[in-house]
Q: 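Mind having a look at this structure? Questions to follow.
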Amino acid sequence: LREKALATPVDGLILEVGAFCGKSTAALASACPGTQRLVITVDTWEIGGREEFDGILHDTGLAEYVEPIQGSSREVLPTLGQQVDMAFVDGDHCYEGARADLLNALELLKPGGVLLMHDMIYTHPGVQKAWLKFGRNLLERKFCVDSLYGGYKTEDLDELPVTFLTHGLGEFMPPGDLVGVAFAWM
């Protein structure tokens, strides 16, 4: 995550959908010191984690680079009104929620921006289905690292890429589709 965040412009805006305890938030925000980058993170914190989130950001000294927004991503994302350079989607894991998060994040993503989707594993079939129906068709230069899949928003959505990435799901993936897989989770 940090490597992809470091690749955003020095005044880049990074969106995180689903923060929970803040570990991924800290990884994203660690690319911000010395720049004008900002991480906007959206989470309901209905299942907890907000105290840990605040603690991690305080302990790492990264709180000033993060703008947490408490609320439903389905309600918050359409109202952000800002385009982002990077989007990390790790929110609702049911199909409808993952689909909404992916499409709403893609709508906010600048052309050429990177979108990453976490938990592309068999225990989260809703996330897999959302990626397979939308992410793999709407992004180019796709890559994967373990359960993290991603790609770049095409400059012209009228010309959708036709290559597919479904690593680990029984379909062939040409080696050239794996681009930039050597970035660290934390």
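These figures come from a predicted structure and were not determined experimentally.
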Q: Does any N or O in the side chain of R74 come within less than 3.5 Å of the main-chain N or O of A100, such that one atom is a donor and the other an acceptor?
A: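 Checking the backbone N and O of A100 against the side chain of R74, no donor-acceptor pair under 3.5 Å is found.
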Q: Is F53 reachable from F20 through a run of I, L, V, M, F, W or Y residues, each pair having side-chain heavy atoms under 4.5 Å apart?
A: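 As far as the 4.5 Å side-chain criterion goes, F53 and F20 are not connected within one cluster.
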Q: Taking all heavy atoms of L132 and all of R136, pick out the closest pair and write down the distance.
A: O-NE, 2.8 Å
Q: State, to 0.1 Å, how close Q83 and P111 come at their nearest heavy-atom pair, and which atoms those are.
A: NE2-CD, 4.4 Å
Q: What pair of heavy atoms forms the shortest contact from P78 to S73, and how long is it?
A: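 Where P78 meets S73 most closely, the heavy atoms are CD-O, 3.8 Å.
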Q: Taking K142 for the side chain and Y149 for the main chain, is one N or O donor matched with an acceptor at less than 3.5 Å?
A: no
Q: So how far is it from D146 CG to H118 NE2, rounded to the nearest 0.5 Å?
A: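 Reported value, rounded in 0.5 Å steps: 8.5 Å.
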Q: Could you check if a side-chain atom of Q36 sits within less than 4.5 angstrom of a side-chain atom of L38, using non-hydrogen atoms only?
A: no
Q: If every non-hydrogen atom of A105 is compared with every non-hydrogen atom of L115, which pair is closest and at what distance?
A: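 Looking at all heavy atoms of both residues, the shortest contact is CB-CD1, 4.0 Å.
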Q: Is there a side-chain contact between P68 and R50, using heavy atoms and a 4.5 Å cut-off?
A: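 P68 vs R50: side chains touch.
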Q: Please name the pair of heavy atoms, one in A26 and one in L62, separated by the smallest distance, quoted to 0.1 Å.
A: O-CD1, 3.5 Å
Q: Quick one: are T25 and I56 in side-chain contact, heavy atoms under 4.5 Å?
A: no
Q: Can you tell me how far CG of N137 sits from OG1 of T154, rounded to the nearest 0.5 angstrom?
A: 12.5 Å
Q: Does some side-chain heavy atom of T41 sit less than 4.5 Å from a side-chain heavy atom of L28?
A: no
Q: Does the ring of F143 carry K4 above it, NZ/CZ under 6.0 angstrom from centre and within 45° of its axis?
A: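 Geometry flag: set, cation within 6.0 Å and 45°.
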Q: Could you tell me if the side chain of Y65 sits less than 4.5 Å from the side chain of V39, heavy atoms only?
A: no
Q: Measuring only between side-chain heavy atoms, which start at C-beta, is L15 closer than 4.5 Å to L80?
A: yes
Q: I need the L109 CG to L139 CG distance, nearest 0.5 Å.
A: 7.5 Å
Q: Using atom types as modelled and distance alone, determine if a side-chain donor or acceptor of D43 lies under 3.5 Å from a backbone N or O of A19.
A: yes
Q: Once rounded to the nearest 0.5 Å, what's the spacing between atom OG of S30 and atom CG of L6?
A: 6.5 Å
Q: So how far is it from D54 CG to C21 SG, rounded to the nearest 0.5 Å?
A: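 If we round to the nearest 0.5 Å, D54:CG and C21:SG are 11.0 Å apart.
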Q: For a quick test of reading the model, state the closest non-hydrogen atom pair linking S24 to L1 and the distance between them.
A: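 Heavy atoms only, the tightest pair is CB-CD1, 3.7 Å.
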Q: Taking atom CD of E51 as the centre, does the number of heavy atoms from other residues, nucleotides or ligands within less than 6.0 Å exceed 12?
A: no
Q: Step by step, would you call L116 with M86 a side chain to side chain contact (heavy atoms under 4.5 Å, CB included)?
A: CA-CA 8 Å; L116 301 108; M86 176 179 173; 3.3 Å; yes
Q: Measure the shortest side-chain to side-chain distance between I40 and V84 over non-hydrogen atoms and say whether it is less than 4.5 angstrom.
A: no
Q: Could you point out which residue of K110, K153, R37 forms a salt bridge (charged side-chain N to carboxylate O under 4.0 Å, His left out) with D85?
A: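 One option only clears the test, and that one is K110.
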Q: Side-chain contact, heavy-atom cut-off 4.5 Å: L102 with W131?
A: yes
Q: Is there a path of hydrophobic side-chain contacts, each under 4.5 Å between heavy atoms, that joins I69 and L77?
A: yes
Q: State the NZ-CG distance between K133 and L103, to the nearest 0.5 angstrom.
A: 11.0 Å
Q: Can you spot which of K129, M117, R99 makes a side chain to side chain contact (heavy atoms under 4.5 Å, CB included) with F134?
A: R99
